[in-house]
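Labels below follow one simple rule: chain letters A, B, ... track the order of the sequence lines, proteins then strands, and each chain is numbered from 1.
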Number of protein chains: 2
Amino acid sequence: MSIKVIRIGAVCELTGLTERQIRYYEEKQLIFPDRTRGGARTFSFEDVDILKEIHTKIQDGFHTFELRKTFSRQPMRS
Amino acid sequence: MSIKVIRIGAVCELTGLTERQIRYYEEKQLIFPDRTRGGARTFSFEDVDILKEIHTKIQDGFHTFELRKTFSRQPMRS
DNA sequence: CGTGTAAGGAATTCTGACACG
DNA sequence: CGTGTAAGGAATTCTGACACG
């Protein structure tokens, strides 16, 4: 499911991550949520799975810039 | 997908229905969303499909109490 | 670097009610 | 009956910043 309709609160419950962690991973270009017109992030179930993988990798010692190559199969800037 | 994580705003976009219609169908026991701790309704993709069907039936002239038998395969009160 | 937190604001959703018919 | 709307409140999410290290 790649339809982005899940708000960050639900993503926290599904992943066990905090809002802070999720926003940080987005800031580091590892995850690419959509936005509601009001500016709220919306994620897909696919994003939820990716977030879990990202966190696992981080815990394994990887850094965000190293994971960018792995997870950035999404929107490219430029 | 029966995981209930979609907020009513997104459901409106996915179904084309208004919040009022969705809440009314819930009031009439045709749909059974979960709730966040704060009280906000959460729906599943399955619920989204059911809502579309409900609305089609309503437009076909059916009444909510008639549809209850069709869609109430969910929680029963008492 | 990755994450926690307090701060203030804006968007989202909620309920109960009045309305039409 | 099914749906629209204005009303006021509560919960949710947002950003930028300071903190630790």
Mind running salt bridge (charged side-chain N to carboxylate O under 4.0 Å, His left out) on B:E19 and B:R23 for me, showing each step along the way?
CA-CA 6 Å; B:E19 294 184 11; B:R23 293 190 187 116; 2.6 Å; yes

So which nucleotide does C:dA11 pair with, by the Watson-Crick or G-U wobble rule with both distances under 3.5 Å?
none

Could you say whether A:F65 or A:R37 is positioned toward the 5' end of DNA chain C, judged by the nucleotide with the nearest heavy atom to each?
A:F65

Nearest whole Å is fine: how far is D:dG2 P from B:Q29 CD?
14 Å

Those residues that, when tested against A:T15, pass side-chain hydrogen bond (donor to acceptor under 3.5 Å, both in side chains) (two or more places apart)
none

Where each residue is assigned the nucleotide of DNA chain D containing its nearest heavy atom, which of B:T18 and B:A40 is assigned the position nearer the 5′ end?
B:T18

Distance in angstrom units between B:I22 CD1 and C:dT15 C1', rounded
16 Å

Check this one for me: any side-chain N or O of A:R41 less than 4.0 Å away from OP1 or OP2 of D:dC14?
yes

Run the salt-bridge test on A:K52 and A:E46 with the 4.0 Å N-O cut-off and return the result as yes or no.
no

Would you mind telling me which of C:dT13, D:dT3, C:dT3 lies closest to the side-chain atoms of A:H55?
C:dT3

Euclidean distance, A:L14 CG relative to B:I3 CD1, rounded to 0.5 Å
6.0 Å

From the set D:dC14, C:dT3, D:dG2, return the single nucleotide nearest to any side-chain atom of A:R23.
D:dC14

Does A:T64 or A:R7 map to a spot on DNA chain C nearer the 5' end, using the closest nucleotide for each?
A:T64

Starting at CD of B:E26 and ending at C1' of C:dT13, how long is that distance when rounded to a whole Å?
12 Å

Selection from C:dT3, D:dG4, D:dC14 that lies nearest to any side-chain heavy atom of A:R35:
D:dC14

Against B:F43, only a single residue in B:D34, B:I50, B:I22 fulfils side-chain contact (heavy atoms from CB on, under 4.5 Å); can you say which?
B:I22

Return the value, rounded to whole Å, for the distance between atom CD of A:E19 and atom P of D:dT12.
10 Å

If you define the side chain from C-beta out and look only at heavy atoms, does anything of B:H55 sit under 4.5 Å from B:Y25?
yes

Is any side-chain heavy atom of B:T42 closer than 4.5 Å to a side-chain heavy atom of B:I6?
no

From CD1 of B:I8 across to P of D:dA11 the rounded distance in Å is 18 Å

Do the side-chain N or O atoms of A:T36 get closer than 4.0 angstrom to the phosphate oxygens (OP1, OP2) of C:dA11?
no

Using whole Å, report how far CD1 of A:I54 lies from C1' of C:dG2.
13 Å

Pairing check on D:dC20: which nucleotide meets the Watson-Crick or G-U wobble criteria with it, both distances under 3.5 Å?
C:dG2

Return no unless some side-chain N or O of A:Y24 is found under 4.0 Å from OP1 or OP2 of C:dT3.
no

Separation of C:dG2 C1' from A:L30 CG (nearest whole Å)
12 Å

Test: A:R20 and A:E26 ion pair at under 4.0 Å
no

Can you tell me the distance, in whole Å, between the NZ atom of A:K28 and the C1' atom of C:dG2?
9 Å

Of the listed C:dC14, C:dT3, D:dT13, the closest approach to the A:Y25 side chain comes from C:dT3

Which atom pairs link the protein and nucleotides 5-10 of chain C when you take only N or O atoms and keep those under 3.5 Å?
unit_1, atom_1, unit_2, atom_2, d
C:dT5, O4, A:R20, NE, 3.3

As a test of reading the structure: which of C:dG2, D:dG4, C:dG4 is closest to the side chain of B:Q21, going by heavy atoms?
D:dG4

